[in-house]
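Here the structure comes first, spelled out in structure tokens, and everything after it is commentary.
All residue numbers in this chain count up from 1 along the given sequence.
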Amino acid sequence: MHFTSVQRLDDGVLEREFTLGEIPGTLWTPESAAPAPLILMAHNNGLPKAADRLVARARHTAAYGYAVAAVDAPGCGDRPRSVADEQVRADLRRAMQAGEPVDDIFESFIGPLVEKAVPEWRSTLDALLALPEIGGPVGYSGWTAVGIRLAAVEPRIAAAGFFAGGYVPRAQRDEARQITIPLLLLLQWDDEGNPRQRALDLFDAFGSEEKTLHANMGGHTGTPWFELEDGGRFFDRHLK
């Protein structure tokens, strides 16, 4: 892991950009002498780590005593895109503009992306836990499809907060039954791009004995800010 920039923010959080091989990432750490528990934070469907909403969540979470890390998935953010990546994105935009079904396109895009992204997250986790300022346990927050696969294969993930606003491939819907860690699922009740019943079915499929569903009125980007506070209390119960 190679740090490429360091910045102390106004709230005292230390923000560092890093690379791990071809993986670009950002690490936010609190002002603390003790090793901080770690939360891996991913944006739905491979949106960039520099997205304003993700950065705001990361900084807020770090200020409450957590180390927070985000990376760009293959073909996303600052990563190069292949011709196939560009084609599937163009197909998706065209179908959405025309009001056509998009599940098959999402499946062809998100399914392979999960397969590529999860090994990179595990390598990143190895490198992060080797840093003296970071300790366990480890939580996960955000992109549900990647989070399901990561929680299924990575025993170091102790708790997860998932957003129901991204497409979850069929393989991960099946894998949800393997998830037994404490779980918090956020659902926007009127999310125009994500059928409500599919999210409810996914919540029902999770094998966790402790799982909580928070549903709020509003569209895709309308998640209330107080859910970040509730999510912090959820992670406090399981990571501190």
Using a strict 4.0 Å threshold on nitrogen-to-oxygen distance, state whether [X] and [Y] make a salt bridge.
| X | Y | result |
| --- | --- | --- |
| Arg173 | Asp201 | no |
| Arg149 | Glu154 | no |
| Glu133 | Arg16 | yes |
| Asp52 | Arg59 | no |
| Glu175 | Arg170 | no |
| Arg198 | Asp103 | yes |

Enter the distance from [X]:[atom1] to [Y]:[atom2] here, rounded to the nearest 0.5 Å.
| X | Y | atom1 | atom2 | answer |
| --- | --- | --- | --- | --- |
| Phe162 | Leu183 | CZ | CG | 5.5 Å |
| Leu27 | Phe18 | CG | CZ | 6.5 Å |
| Phe109 | Gln87 | CZ | CD | 13.0 Å |
| Leu9 | Glu15 | CG | CD | 5.0 Å |

Quick one: does any side-chain atom of [X] pair with a main-chain N or O of [Y] as donor and acceptor, under 3.5 Å?
| X | Y | value |
| --- | --- | --- |
| Arg156 | Pro137 | no |
| Arg177 | Ala205 | no |
| Thr29 | Ala67 | no |
| Gln188 | Gly219 | yes |
| Asp72 | Lys49 | yes |
| Thr144 | Phe163 | yes |

TODO: Start with the C-alpha gap between Tyr66 and Lys240, add the side-chain angles, then the distance that decides, and say whether side-chain contact (heavy atoms from CB on, under 4.5 Å) holds.
DONE: CA-CA 9 Å; Tyr66 291 96; Lys240 288 186 175 180; 3.5 Å; yes
- Any chance CD of Gln197 has more than 12 other-residue heavy atoms, nucleotides or ligands included, within less than 6.0 Å? yes
Closest contact, heavy atoms only, [X] versus [Y]:
| X | Y | value |
| --- | --- | --- |
| Ile181 | Ala151 | CD1-CB, 4.0 Å |
| Ala159 | His238 | CB-CB, 3.8 Å |
| Ala145 | Ile110 | CB-CG2, 4.1 Å |

Cluster check [X], [Y]: I/L/V/M/F/W/Y, side chain < 4.5 angstrom:
| X | Y | value |
| --- | --- | --- |
| Trp28 | Leu38 | no |
| Val168 | Val88 | yes |
| Leu228 | Leu185 | no |
| Val55 | Ile39 | yes |
| Phe235 | Ile134 | no |

The side-chain contact (heavy atoms from CB on, under 4.5 Å) partners of Ala95 (sequence neighbours excluded) come to Glu100, Val102, Ile105
### Task
Please report the C-alpha distance between Leu184 and Asp230 in whole Å, then the side-chain angles of each, then the deciding distance to 0.1 Å, and finally whether the side-chain contact (heavy atoms from CB on, under 4.5 Å) criterion is met.
CA-CA 10 Å; Leu184 174 64; Asp230 287 347; 5.5 Å; no
Do the non-hydrogen side-chain atoms of [X] and [Y] ever get within less than 4.5 Å of each other?
| X | Y | answer |
| --- | --- | --- |
| Leu128 | Met1 | yes |
| Arg89 | Arg81 | yes |
| Pro37 | Val138 | no |

Just checking, is any N or O donor in the side chain of Asp85 or Ser82 under 3.5 Å from an acceptor N or O on the other one? yes
Practice prompt. Would you check if there is a donor-acceptor pair between the side chains of Glu17 and Thr4 at a distance under 3.5 Å?
Written response: no
Quiz prompt | Worked check of side-chain contact (heavy atoms from CB on, under 4.5 Å) between Phe203 and Lys211 | solution = CA-CA 8 Å; Phe203 179 75; Lys211 56 181 178 179; 3.8 Å; yes
Test side-chain contact (heavy atoms from CB on, under 4.5 Å) on Leu186 and Leu213; report intermediate values, then the result. CA-CA 6 Å; Leu186 298 184; Leu213 174 67; over 6 Å; no
Under a side-chain separation threshold of 4.5 Å, the hydrophobic residues clustered together with Val6 are Leu14
Q) salt bridge (charged side-chain N to carboxylate O under 4.0 Å, His left out) between Glu227 and Arg57: does it pass, once the steps are laid out? A) CA-CA 10 Å; Glu227 286 292 0; Arg57 286 168 46 218; over 6 Å; no
